[in-house]
Amino acid sequence: MARRIDVTGADGVRLAAWEFGDPAKAGTGPEEGTAPDVPGVLLLHGLMGRASHWASTARRLSARHRAVALDQRGHGRSEKPPEGAFTRDAYVDDAEAALEQLGLGPAVLIGHAMGALTAWQLAAKRPDLVRGLVICDMRASSLGGASQREWAEWFASWPVPFAALADVRKWFGEDDPWVERPNPARGEFYAEVMAESPDGWRPVFDPDQMLRSRETWVYDAHWEELAQVRCPALVVRGLDGELGRAEAQEMVRVLPRGQYAEVSDAGHLVHYDQPEAWLAAIEPFLDSLDGE
């Protein structure tokens with residue numbers, strides 16, 4: 001089951017939110033079959049991702065939560081306005097609008113990479129809407145200008161259009177210079193963000209919009225907002241991911257109510273590389289929130 005719910009984001013941008021499992025039932029609430037006392041969860045993908053990357057997580061959580069994944073602006077089935085704002089404020093305001101329009105708050109926010117940054121910035125801004133936070137493989141330190149130039153060069157290296165989805169899987173899973181060793185999960189991740197066009201398979205997002213989104217956070221550190229998060233927060237890293245152990249543990253120290261977990265044999269795409277281990281890392285934390 002996949003159910004789309006339309007949301008209006010900042011500046012009127014049309015966003016697509018998705019439920020991938022049967023909603024948890026506990027009486028009658030604002031959405032048919034749900035109730036105000038069913039805990040809400042909003043899942044936020046990373047740069048270039050889409051809501052469907054959270055499908056298996058959302059289905060697992062839907063037994064006890066109302067789990068909704070959001071296609072963020074410029075991604076998935078959400079609007080991609082050519083002249084739209086792709087700022088930090090816009091992403092945070094969109095997530096805030098989703099929580100309010102879906103009646104999820106106070107909710108647990110689960111974010112991967114850019115989605116995790118959006119999640120903790122929203123938790124700092126609107127503590128009344130957020131009761132818990134899961135940060136998956138996102139750094140709080142500045143990445144710098146060199147990182148942005150590397151990404152621009154990487155986008156330019158993509159051999160688009162791809163002739164077939166098999167070519168997408170192979171390039172991102174094996175041939176991409178950024179791949180240190182074959183990674184089928186990475187290939188599947190990128191295959192899911194491609195769409196067929198008359199000349200082959202191309203990304204569903206505009207790479208220029210992705211770079212515009214990214215440049216609004218790579219030059220800055222984000223420790224201050226992290227320190228303003230008052231709800232319980234879990235920092236999860238893949239053992240081979242982009243967030244190093246020392247920085248992750250410093251993030252836990254800075255968070256007023258921080259906790260730490262790591263997933264072995266996982267890289268940046270923790271929830272794709274090791275889905276069962278990922279769930280095993282976050283479910284005890286969610287259970288502890290439900291018991292509060």
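The model shown is predicted, which means the values in this text are computed figures rather than measured ones.
- Not a single donor-acceptor pair under 3.5 Å links the side chain of Glu242 to the backbone N or O of Arg139.
- The closest donor-acceptor contact from the side chain of Arg73 to the backbone of Ala85 lies under 3.5 Å.
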* Checking side chain to side chain donor-acceptor pair (under 3.5 Å) for the pair Asp199/Ser197: CA distance, chi angles, key distance, verdict? -> CA-CA 5 Å; Asp199 61 350; Ser197 61; 2.8 Å; yes
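- A side-chain donor-acceptor contact under 3.5 Å links Gln274 to the backbone of Asp265.
- Considering all non-hydrogen atoms of both residues, Ala67 and Ala58 come closest at CB-O, 3.9 Å.
- Checked by atom type and distance alone, the side chain of Asp11 never pairs as donor or acceptor with a backbone atom of Val13 at under 3.5 Å.
- Using cut-offs of 30° and 60° for the angle between ring planes, the Trp54 and His112 rings count as perpendicular.
- Distance check: Ile282 CD1 to Leu61 CG gives 5.0 Å after rounding to the nearest 0.5 Å.
- Atoms NE2 and CG, on His222 and Leu143 in that order, are 7.5 Å from each other to the nearest 0.5 Å.
- A pairwise comparison of heavy atoms in Leu279 and Pro284 identifies O-CD, 4.4 Å as the closest pair.
- Although no hydrogens or angles enter the test, the distance criterion places a donor-acceptor pair under 3.5 Å between the side chain of Arg186 and the main chain of Phe172.
- At least one donor-acceptor pair under 3.5 Å links the side chain of Gln148 to the backbone N or O of Leu211.
- With hydrogens and angles disregarded, no donor-acceptor distance shorter than 3.5 Å links the side chain of Gln209 to the backbone of Phe86.
- Between Tyr190 and Phe162, the gap from one ring centroid to the other reaches at least 6.0 Å.
- Put simply, the side chain of Asp6 never gets that close to the backbone of Ala16: no donor and acceptor are under 3.5 Å apart.
- Within a 6.0 Å radius of CZ in Arg14, no more than 12 heavy atoms belonging to other residues, nucleotides or ligands are found.
- Using modelled atom types and a 3.5 Å distance limit, the side chains of Arg88 and Ser213 yield no donor-acceptor pair.
- The heavy-atom pair separating Pro159 from Trp171 by the smallest distance is CD-CE2, 3.4 Å.
- Remark: Lys125 engages Asp93 in a salt bridge, criterion side-chain N to carboxylate O under 4.0 Å.
- Side-chain contact, Glu192 with Ser52: a donor N or O sits under 3.5 Å from an acceptor N or O.
- The heavy-atom pair separating Ala277 from Val263 by the smallest distance is CB-CG1, 3.6 Å.
- Contact record, Gln72 with Leu15: C-CD2, 4.3 Å, taken as the closest heavy-atom pair.
- For the pair Asp167 (side chain) and Ala164 (backbone), a donor-acceptor distance under 3.5 Å is present.
- With sequence neighbours excluded, the residues forming a ring pair (Phe, Tyr, Trp, His ring centres under 6.0 Å) with His45 are His75, listed by chain and number.
- Among residues two or more places apart in sequence or in another chain, the ring pair (Phe, Tyr, Trp, His ring centres under 6.0 Å) test is passed with Trp223 by none.
- Of all heavy-atom pairs spanning Cys136 and Ala116, the tightest one is N-CB, 3.9 Å.
- Atoms CE and CG, on Met138 and Leu44 in that order, are 12.5 Å from each other to the nearest 0.5 Å.
- By the salt bridge (charged side-chain N to carboxylate O under 4.0 Å, His left out) test, Arg59 is found to be paired with no residue, residues two or more places apart in sequence or in another chain being considered.
- The CZ atom of Arg181 sits 13.5 Å away from the CD atom of Glu174 when rounded to the nearest 0.5 Å.
- Side-chain atoms of Leu42 and Leu70, non-hydrogen and from C-beta on, do get closer than 4.5 Å to each other.
- A 4.5 Å side-chain heavy-atom check between Asp287 and Arg64 finds at least one atom pair inside the cut-off.
- Listed for the Arg237 side chain is no donor-acceptor partner under 3.5 Å among the backbone atoms of Gln249.
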